[in-house]
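Inspection log for the structure reproduced underneath, given as structure tokens.
No hydrogens, no waters, no symmetry mates; every other heavy atom, side chains included, goes into these values.
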Amino acid sequence: MFAKKQAVIIYERCKNCEVCEPQRNCPAYAIVKEDDEYYIAPSCQGCGYCRKFCPYNAIELTN
């Protein structure tokens, strides 16, 4: 059995964009902004779709 992937935000690369394209395009609505910072919610399915929308390459997948 394979371990489920999970998206993680690399905060050193994230620019906290006013309009976060990965957030807008996440099919699981798993990218959430709280207190002026984005985070990945437990609803993340690990599909990696969000990664292709971040211009700063600030999202990676991990096990």
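- Residue pairs meeting the side chain to side chain donor-acceptor pair (under 3.5 Å) criterion with at least one partner in residues 43-60, sequence neighbours excluded, are R13-E60.
- Contacts classified as salt bridge (charged side-chain N to carboxylate O under 4.0 Å, His left out) and involving residues 23-39 (residues at least two apart or in different chains) are given here: E21-R24.
- Within the structure, ring pair (Phe, Tyr, Trp, His ring centres under 6.0 Å) pairs that include any residue of residues 3-45 do not occur (at least two apart or interchain).
- The SG atom of C54 lies 9.5 Å from the NZ atom of K15; values are rounded to the nearest 0.5 Å.
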Decide yes or no on side-chain contact (heavy atoms from CB on, under 4.5 Å) for N25 and C50, but give the supporting numbers first. CA-CA 6 Å; N25 289 284; C50 57; over 6 Å; no
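- Under the rule for a side-chain hydrogen bond (donor to acceptor under 3.5 Å, both in side chains), Q6 has no partner lying at least two apart in sequence or in another chain.
- Nearest approach of A7 to I59, heavy atoms of both residues: CB-CG2, 4.0 Å.
- A 4.5 Å side-chain heavy-atom check between I40 and V8 finds every atom pair outside the cut-off.
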